[in-house]
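So that the names make sense, note that chain A is the first sequence line, chain B the second, and so on, each numbered from 1. This structure is a prediction, so every number in the text was calculated from the model and none was measured.
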Amino acid sequence: MEKLQPVRGTRDLIGEDQRRHTQVIDTARRIAALYGFEEWTTPIFEDTRVFSRGLGDTSDVVSKEMYSFTDRGGDSLTLRPENTAGVCRALVSNGLAQANLPRKVFYAGPMFRYERPQKGRYRQFHQIGCEILGAAEPLADAEVIACGWHIQQALGMTEGVVLEVNTLGDAESRDAYREALVAHFSAHATALSADSQVRLAKNPLRILDSKDEGDRKIVATAPDIHPYLTASAAAFYAAVTGYLTAFAVPWRENPRIVRGLDYYSHTAFEFVTDRLGAQGTVMAGGRYDGLVEEMGGPATPSVGWAAGVERLSMLLPEAPPAPRPVAVIPVTEAQEPQALAALRLLRSAGIAAEIGYKGNMKRRMERANRIGARAAVILGEDEVAAGNAQLKDLTTGEQMLVPLAELAALLR
RNA sequence: GCGGCCAUAGCUCAGCUGGCAGAGCGUCGGCUUGUGGUGCCGGAUGUCACGGGUUCGAGCCCCGUUGGUCGCCCCA
């Protein structure tokens, strides 16, 4: 029979991998709650239009990178490639866009993109994210970034990670900037890489993050957006960065950060590291003032970010340790009832405890060691008769006789 | 969609110019019938990724496929 393997770009989370994953999500959930975010869970698949609206036709995203399928009712459905669109759709579907804004949403869960896997990049991967829906104020941008920064701090990974911030301005600023960029790159068109010559026609902003050596020289002399900002867009950017400083979040300006889609405006930011090969972005986000309208809701200015759990897991300074239970060991079968009673006692006291299902005492000791038990509670005929147990510390090897009544307190 | 590198035991890997399939770790058993982890002795484990080809003979050479990995494209 053919050996079954996980499908390309998917993987199992077991042992240390799962503990890292859990730590990232639990920590993010806890910190996000401190900032007033409530957790939402939206469906893993949606009507394809939830994701295709607003994407336009400038990229391969819709045609090549979504897991889309037709269900038995003939509807086109898509496994969610990201969760911002789903959250915006949920806001509208549940009638929440009408009142009580802004709404602050945290989410965590699997996402799916049909891509070639590489370091930190999978076909089923996991994201956490925070969105503030219905807030046009720059304080919202700064707060959502501060929350992301705080999560990374709580995970102990801010060493080597830098927050880069830029603005895309408003529509008027961006149109002017795009024109200037096209003029600059057109003047060097023949020197551009083949990829970038295509970008020049399709999505000129993307030339700014080309990895081609020759392109980079031309990019270096390309204009920044800042001279093209309208007065109000410039004021918005100044307010966001001022609030970041007030929140004590270290940041630096990177005028090369862009976004490809039209519904983005103003703030764009990325937390980047050089420790993940080609996949240097750890957490990325920005302001999207047009997306909720794309979902059929009212104009709802919003800002948020998403982060890949796999990448955050790889950056954890150390793996969370495996839990170390207490092993309860009857010396012979005759002590099994007392062993079960001790198990119950320990678990009721909130102490993780295990019992082997078979084997003599030696086997059970070996198993206790293998599962990483921190202590063994050994119940023999003599101990049981006197209401005692042997309590053995499996790290030091020290063993002492203790009354059963004191067990839980000694192991807490 | 495109390219570089890789694929031998559960894991990490060695395998000479093409000549009997190997090591360490792990695992199992024993030394030790009321004590793990450290010691000593012993055992088991392979479609050498898959399919073709060359050869007296292929883990090794050639072609293809699949998978992994690192990049490119893309990155909502």
**Message:** Please classify the nucleic acid contact of A/A278 as base, sugar-phosphate, or nothing, using heavy-atom distances under 4.0 Å.
**Reply:** sugar-phosphate

**Message:** Expressed as a whole number of angstroms, how long is the span from A/R116:CZ to B/U66:P?
**Reply:** 10 Å

**Asked** A/E46 CD to B/A76 C1': how many Å, rounded?
**Response** 14 Å

**Request:** Report yes or no: is the cationic atom of A/R287 (NZ for Lys, CZ for Arg) under 6.0 Å from the centre of the six-membered ring of A/Y264, at an angle within 45° of the ring normal?
**Result:** no

**Item:** 5' precedence on RNA chain B between A/K64 and A/E82 (nearest-nucleotide basis)
**Value:** A/K64

**Item:** Separation between the P atoms of B/G4 and B/U65, rounded to whole Å
**Value:** 13 Å

**N/O (side chain, A/R206) to phosphate O (OP1/OP2, B/C74) under 4.0 Å** = no

**Prompt:** Stepwise, does the side chain to side chain donor-acceptor pair (under 3.5 Å) test hold for A/Y237 with A/E253?
**Reply:** CA-CA 11 Å; A/Y237 180 61; A/E253 186 168 290; 2.7 Å; yes

**Prompt:** Counting distance only, does the side-chain N/O of A/S173 pair as donor-acceptor with the main-chain N or O of A/T230 below 3.5 Å?
**Reply:** yes

**Complete:** As its Watson-Crick or G-U partner within any shown strand, both distances under 3.5 Å, B/U69 has B/G4

**Item:** Phosphate OP1/OP2 of B/G67: any A/Q5 side-chain N/O under 4.0 Å
**Value:** no

**Item:** Sugar-phosphate only, base, or nothing, as touched by A/D212 at under 4.0 Å among non-hydrogen atoms
**Value:** nothing

**Prompt:** If you check the A/V331 side chain, which of B/U35, B/A76, B/G34 turns out closest?
**Reply:** B/G34

**Asked** Does NZ or CZ of A/R113 fall inside the cone over A/Y67's six-membered ring, less than 6.0 Å from its centre and within 45° of the axis?
**Response** no

**Asked** Roughly, in whole Å, what's the span from CD in A/E115 to C1' in B/C72?
**Response** 13 Å

**Prompt:** When every nucleotide of nucleotides 28-33 of chain B is labelled 5' to 3' by its protein contacts under 4.0 Å (heavy atoms), B for base, S for sugar-phosphate only, - for none, what sequence of letters results?
**Reply:** SSS-B-

**Item:** Closest-nucleotide ordering on RNA chain B, the 5'-leading residue of A/S210 and A/R367
**Value:** A/R367

**Prompt:** B/C70 P sits how many Å from A/R311 CZ, rounded?
**Reply:** 12 Å

**Gap between atoms CD and P, on A/E213 and B/G71 respectively (whole Å)** = 17 Å

**Asked** So what does A/T332 hit on the nucleic acid, given a heavy-atom distance under 4.0 Å: a base, only sugar-phosphate, or nothing?
**Response** nothing

**Complete:** Contacts of A/A154 meeting side-chain contact (heavy atoms from CB on, under 4.5 Å) (sequence neighbours excluded), chain-then-number -> A/T27, A/R30, A/I31

**Complete:** When every non-hydrogen atom of A/R256 is compared with those of A/V219, the smallest separation belongs to NH2-O, 2.9 Å

**Message:** Whole angstroms only, please: what is the CD-P distance between A/E65 and B/G1?
**Reply:** 11 Å

**Asked** Within this structure, what is the CD-to-C1' distance between A/E270 and B/C75, rounded to whole angstrom?
**Response** 10 Å

**Asked** Quick one: OG on A/S193 to CZ on A/R199, what's the gap to the nearest 0.5 Å?
**Response** 6.0 Å

**Complete:** A/M111 CE to B/C75 P, in whole Å, measures 19 Å

**Prompt:** Ignoring hydrogens and angles, does a donor from either the side chain of A/K211 or the base of B/G71 sit under 3.5 Å from an acceptor on the other?
**Reply:** no

**Prompt:** Does the base of B/G36 carry an N or O that pairs as donor and acceptor with the side chain of A/N369 under 3.5 Å?
**Reply:** yes

**Asked** With sugar-phosphate meaning primed atoms plus P, OP1 and OP2, does A/F125 contact a base, only sugar-phosphate, or nothing at under 4.0 Å between heavy atoms?
**Response** nothing

**Prompt:** For A/R121 and A/R311, which heavy atoms make the closest approach, and how far apart are they?
**Reply:** CG-NH2, 4.3 Å

**Closest to side chain of A/M361, choosing from B/G68, B/G34, B/G71** = B/G34

**Asked** So what does A/Y263 hit on the nucleic acid, given a heavy-atom distance under 4.0 Å: a base, only sugar-phosphate, or nothing?
**Response** sugar-phosphate

**Request:** Decide yes or no, distance alone: a donor-acceptor N/O pair under 3.5 angstrom between the base of B/G71 and the side-chain of A/Q279.
**Result:** no

**Message:** For the aromatic rings, using the six-membered ring if either is Trp, is the centroid distance between A/F247 and A/H150 under 6.0 Å?
**Reply:** no

**Asked** Has the side chain of A/R199 got a donor or acceptor atom sitting under 3.5 Å from an opposite partner on the base of B/C73?
**Response** no

**Request:** Confirm from the modelled atom types if A/R259 and B/A76 form a donor-acceptor pair under 3.5 Å, side chain to base only.
**Result:** no

